[in-house]
Amino acid sequence: MRIFLLLVLCLIISSCSTKKKQPEMSFSVISMENISFKSKLIFSEFVEHIEVIPLETTSESLIGEIKRIIHRNGRYYMLVTNGYSNARVLVFDDLGKFLLKIDKVGQGRGEYLDMADFALTSNAEIKIAAYKKIVTYDSIGNYVRENPINNYAREIHLMSNDKYIMSHFDLQAHHNKALCLIDAKDDVLTEFFKLPSNEMGKLESFLRLNTFVSSGKNLYFNYPLCDTIFSIKGRDVLPAYYVDFGTKKIDYSLVEAKDDALGILNKISSKEYLEILGFQICSDFLCLEIGNNENDAFLAFCFKDNRMVGGHYVVDDMFFKNNYISLKYKYMPRNMDGDYLLWPLPAFFLLNGYKQYKAHLSSDEWKLFCEKNRKLVEICESLSEEDNPVLLRIKVKK
């Protein structure tokens, strides 16, 4: 079955060739044949060190959900929302102190109707991708300029020389091309990566951030309901990793170009399926978030020995031992800073583990724990369940 799927994938790739010579392609296959949603992920299996950063809670810095985190020059820049609305950028320092907010919804100069995503330039200018415009602010949130574009942005990602790449909606108006390259002045240079008509609905009908991921000098891309992670080199978008879901691969054969989100879901839900919900790549691991409407799992695939660790929930065996964290879509770790995984975790998860572990220890054991983990105890004692999430900065094992 796996060989058949690979042959089909190769035929699809070859059928998309154009008149120009295509680069030679090679990609890795990652099997999900034995994945279990009853398995557990032990912290010590992939974690070398964890730093806990409480994000300051003020009336200006309230966080619903964190969609993106960029760490630069001692600052954490975060795209936060309330569900799918009220997107804004919050900035915190390395200790979690709130610094500034960009939230300028409106129709005037320096304002936007909605915020799809943001990017950070080499000189720390903040670029907001909105409906048919790019608005630029300086490092402390002052308006710099804006530029109209003929694209309804989904996501943007900085590349070299302050050029950036964008995925967008309304593919039909752009000849089915899903990506565009934009220069430092916010002018669109080119559009590329043409999709088959029945594939366009995946990008137009389903929202998912972190479809672009950088690792070193490499840029990767994946879109909703797609089981291939692509490498982007110039205007060439080539398969890098194929996630083989076996019998739980999405059957997309009945989907038509006219189908909307509900129509697509009705057609692919005739059998149980799994999909990539997010991914990250560091020097030694490919981290995958996979799932369906009922279950989610976080997996780490080791490049060195092809070993896979992961599970439906995480068990803390390093700090608050035997504390369980259920891995729901809303609470998945889906941002990285080099080889550090950035995981915003609701305060109640940390507090529950803290209180349960404290109750389990004797007074002498607790005294010893406090001496070894003084900073962590101080953070937990100062937190309440209504506070902003804490940010776990996790050094991934090599």
Side-chain angles (χ1 to χ4, degrees), residues 1-14 16 23-42 45-47 199 202 206 208-216 218-233 236-252 268 271-292 295-314 327 329 332-336 339 341 343 394 396-398:
M1 178 65 179
R2 189 178 304 166
I3 294 174
F4 173 73
L5 289 172
L6 288 176
L7 288 173
V8 171
L9 182 63
C10 291
L11 287 171
I12 292 171
I13 293 168
S14 63
C16 295
E24 184 178 345
M25 292 174 289
S26 62
F27 53 91
S28 301
V29 179
I30 300 173
S31 174
M32 294 289 130
E33 186 175 356
N34 298 317
I35 184 64
S36 170
F37 289 102
K38 296 181 179 180
S39 59
K40 58 187 177 182
L41 176 60
I42 309 298
E45 288 181 333
F46 75 104
V47 170
E199 284 279 301
K202 295 181 178 181
F206 299 96
R208 199 189 86 210
L209 275 175
N210 291 29
T211 56
F212 295 112
V213 168
S214 289
S215 179
N218 298 315
L219 177 62
Y220 299 92
F221 174 66
N222 171 263
Y223 56 91
L225 302 179
C226 177
D227 50 18
T228 301
I229 296 171
F230 298 91
S231 173
I232 300 177
K233 297 180 180 179
D236 294 319
V237 184
L238 308 173
Y241 302 98
Y242 171 63
V243 180
D244 181 6
F245 290 115
T247 59
K248 294 183 180 179
K249 175 182 172 66
I250 294 174
D251 181 1
Y252 211 70
I268 68 174
K271 72 180 188 69
E272 184 180 3
Y273 67 88
L274 294 174
E275 63 174 307
I276 300 172
L277 299 173
F279 75 105
Q280 290 293 330
I281 299 177
C282 61
S283 57
D284 294 300
F285 284 92
L286 167 63
C287 298
L288 289 168
E289 177 189 346
I290 69 166
N292 51 32
N295 296 297
D296 300 297
F298 178 79
L299 308 168
F301 176 79
C302 181
F303 296 126
K304 290 182 178 179
D305 56 11
N306 294 330
R307 177 174 53 93
M308 180 86 77
V309 296
H312 178 57
Y313 57 93
V314 169
L327 290 172
Y329 178 78
M332 284 284 184
R334 52 175 62 96
N335 291 274
M336 294 201 79
D339 285 339
L341 191 64
W343 188 4
I394 300 173
V396 179
K397 279 184 175 179
K398 291 187 177 293

Calculate, to the nearest 0.5 Å, the distance between atoms [atom1] and [atom2] belonging to [X] and [Y] respectively.
X	Y	atom1	atom2	result
Leu277	Asn292	CG	CG	8.5 Å
Asp284	Lys304	CG	NZ	4.0 Å
Glu275	Phe245	CD	CZ	8.0 Å
Ile276	Glu289	CD1	CD	10.5 Å
Met332	Asn210	CE	CG	13.0 Å

- Is it true that atom NZ of Lys40 has more than 12 heavy atoms of other residues, nucleotides or ligands lying nearer than 6.0 Å? no
Below 4.5 Å, heavy atoms only, C-beta onward: do [X] and [Y] meet side chain to side chain?
X	Y	answer
Met32	Met308	yes
Leu341	Phe46	yes
Tyr241	Tyr220	yes
Asn306	Phe301	yes
Tyr273	Asp251	no
Ile229	Leu288	yes

Could you tell me whether the side chain of [X] and the main chain of [Y] form a donor-acceptor pair under 3.5 Å?
X	Y	value
Asp339	Ser283	yes
Lys271	Lys249	yes
Lys248	Leu274	no

- Message: Tell me whether Arg334 forms a cation-pi arrangement with Tyr329, defined as NZ or CZ under 6.0 Å from the six-membered ring centre and within 45 degrees of its axis.
- Response: yes
Give the minimum heavy-atom separation between [X] and [Y], together with the two atoms involved.
X	Y	result
Leu225	Ile250	CD2-CD1, 3.7 Å
Cys282	Phe303	O-CE1, 3.7 Å
Trp343	Pro333	CG-CB, 3.5 Å
Gly310	Ser39	O-OG, 3.5 Å
His312	Asp296	ND1-O, 2.7 Å

- Task: Evaluate the ring planes of Phe221 and Tyr223, with Trp represented by its six-membered ring, and classify them as parallel (under 30°), tilted (30 to 60°) or perpendicular (over 60°).
- Result: tilted
- Query: Pick from Ile281, Val396, Ile394: which one makes a side chain to side chain contact (heavy atoms under 4.5 Å, CB included) with Met336?
  - Reply: Val396
- Task: Could you check Ile290, Val213, Val243, Leu299 and say which one makes a side chain to side chain contact (heavy atoms under 4.5 Å, CB included) with Phe279?
- Result: Val213
- Query: How far apart are the C-alpha atoms of Asn222 and Arg208, what are their side-chain angles, what is the distance that settles it, and do they pass the side-chain contact (heavy atoms from CB on, under 4.5 Å) test?
  - Reply: CA-CA 10 Å; Asn222 171 263; Arg208 199 189 86 210; 2.8 Å; yes
- From CA spacing to verdict: side-chain contact (heavy atoms from CB on, under 4.5 Å), Phe27, Thr228: CA-CA 10 Å; Phe27 53 91; Thr228 301; over 6 Å; no
